[in-house]
Amino acid sequence: MKLTALISASLLAASVTAQQVNRTATNGWGSTPSQRHYINQTQALCVINAAVAASSVPNDIAVLDPSSQLVAFLRMDNAYLGSIDISMKKAKTVTSFNGQFPSNGLLTRSQPGGDLFGIEETNGGLVVFGGGQPIYDYDGYFIGAVGVSGGTVQQDIATSVAAAESVGTTLTIA
Ligand SMILES: *[C@@H]1O[C@H](CO)[C@@H](O)[C@H](O)[C@H]1NC(C)=O
Ligand SMILES: *[C@@H]1O[C@H](CO)[C@@H](O)[C@H](O)[C@H]1NC(C)=O
């Protein structure tokens with residue numbers, strides 16, 4: 001389903017696709033803890049396992065809740081040490097903007113001359129290339145994000161999409 005109309009107010013006016021996203025149902029101001037929708041430990045382990053299953057190289061895999069707090073992490077055997085931080089910052093890039101786009105949603109506009117040039121220097125460091133994906137549950141709630149680092153960007157995107165989709169759905173740049 002095309003959701004272009006729903007994201008007209010988002011930071012990025014990219015065209016995205018997903019099955020069940022309801023952006024007004026994500027964790028908003030004024031919600032109480034019982035109304036919030038956070039990824040739980042069972043879902044987080046599912047995301048990690050799906051990422052491992054989809055990996056063709058050793059990856060670092062980070063799962064954050066919508067508040068950017070760590071829920072689960074795995075450094076696969078022989079995964080790059082430098083990718084620990086990258087995987088976590090990919091996921092943080094997604095949660096920092098309420099899961100409105102994957103990490104590479106900022107890629108074009110953060111280039112020299114772009115209106116968001118330098119955005120990766122904010123928030124203690126963001127990652128604007130692919131491998132960070134929002135996780136929406138089957139009811140369309142934004143529940144967290146997964147960041148994968150270890151392969152090429154295209155491999156990381158494929159792995160993180162498969163991981164996110166193991167417990168619901170995600171968004172990709174059209
Ligand atoms: C989205 O969620 C909000 C808040 O729960 C609800 O009021 C609204 O009807 C939902 N919209 C759709 C299209 O499901
Ligand atoms: C985690 O969430 C899933 C999906 O909503 C649910 O089926 C499961 O019971 C939950 N697990 C725990 C431990 O809360």
Side-chain angles (χ1 to χ4, degrees), residues 1-7 9-12 16-56 58-77 79 83-105 123 126-127 130-150 155-174:
M1 179 172 63
K2 282 277 183 188
L3 290 166
T4 313
L6 284 176
I7 61 161
S10 76
L11 178 65
L12 187 85
V16 295
T17 59
Q19 280 77 52
Q20 297 169 304
V21 174
N22 179 350
R23 292 175 186 284
T24 62
T26 57
N27 306 282
W29 296 109
S31 64
T32 63
S34 65
Q35 293 172 319
R36 291 174 197 150
H37 297 267
Y38 282 20
I39 190 166
N40 67 30
Q41 66 183 53
T42 310
Q43 292 167 305
L45 284 172
C46 198
V47 170
I48 295 278
N49 283 326
V52 171
S55 291
S56 49
N59 281 313
D60 291 286
I61 305 151
V63 180
L64 303 188
D65 73 15
S67 299
S68 303
Q69 300 303 308
L70 186 64
V71 179
F73 180 86
L74 180 70
R75 175 162 60 95
M76 291 173 65
D77 294 341
S83 288
I84 297 171
D85 186 52
I86 297 171
S87 64
M88 294 185 61
K89 288 208 167 82
K90 284 179 178 179
K92 191 181 88 167
T93 301
V94 174
T95 56
S96 294
F97 298 100
N98 295 341
Q100 300 272 306
F101 43 80
S103 55
N104 55 325
N123 296 283
L126 302 176
V127 171
Q133 289 292 140
I135 303 169
Y136 288 83
D137 70 12
Y138 291 115
D139 297 321
Y141 290 99
F142 172 55
I143 58 169
V146 58
V148 173
S149 181
Q155 287 173 326
D156 291 352
I157 291 172
T159 303
S160 57
V161 167
E165 289 182 341
S166 69
V167 295
T169 189
T170 188
L171 300 173
T172 52
I173 301 296

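Order of listing sets the numbers, starting from 1, for every ligand and every atom in it. Numbers here simply count residues along the sequence, with the first being 1.
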Open item on the list: Within the structure provided, determine whether Lys90 and Asp156 are in side-chain contact (heavy-atom separation under 4.5 Å).
Closed with: yes
Task: Protein non-hydrogen atom below 4.0 angstrom of atom 7 (O) of ligand 2 present - done: no
Task: Distance, nearest 0.5 Å, that separates CG of Asp85 from NZ of Lys92 - done: 8.5 Å
- [ ] May I ask you to check whether Ser83 and Ser149 show a side-chain donor-acceptor distance below 3.5 Å?
- [x] yes
Task: Closest protein heavy atom (residue, atom, distance) for atom 2 (O) of ligand 2 - done: Asn40 ND2, 2.3 Å
Task: Asp139 side chain to Tyr141 backbone, donor-acceptor under 3.5 Å - done: no
Task: Nearest protein heavy atom with distance in Å, relative to atom 13 (C) of ligand 2 - done: Thr42 OG1, 3.5 Å
Task: Protein contact of atom 5 (O) of ligand 2 - nearest heavy atom, named by residue and atom, plus distance - done: Gln43 NE2, 4.0 Å
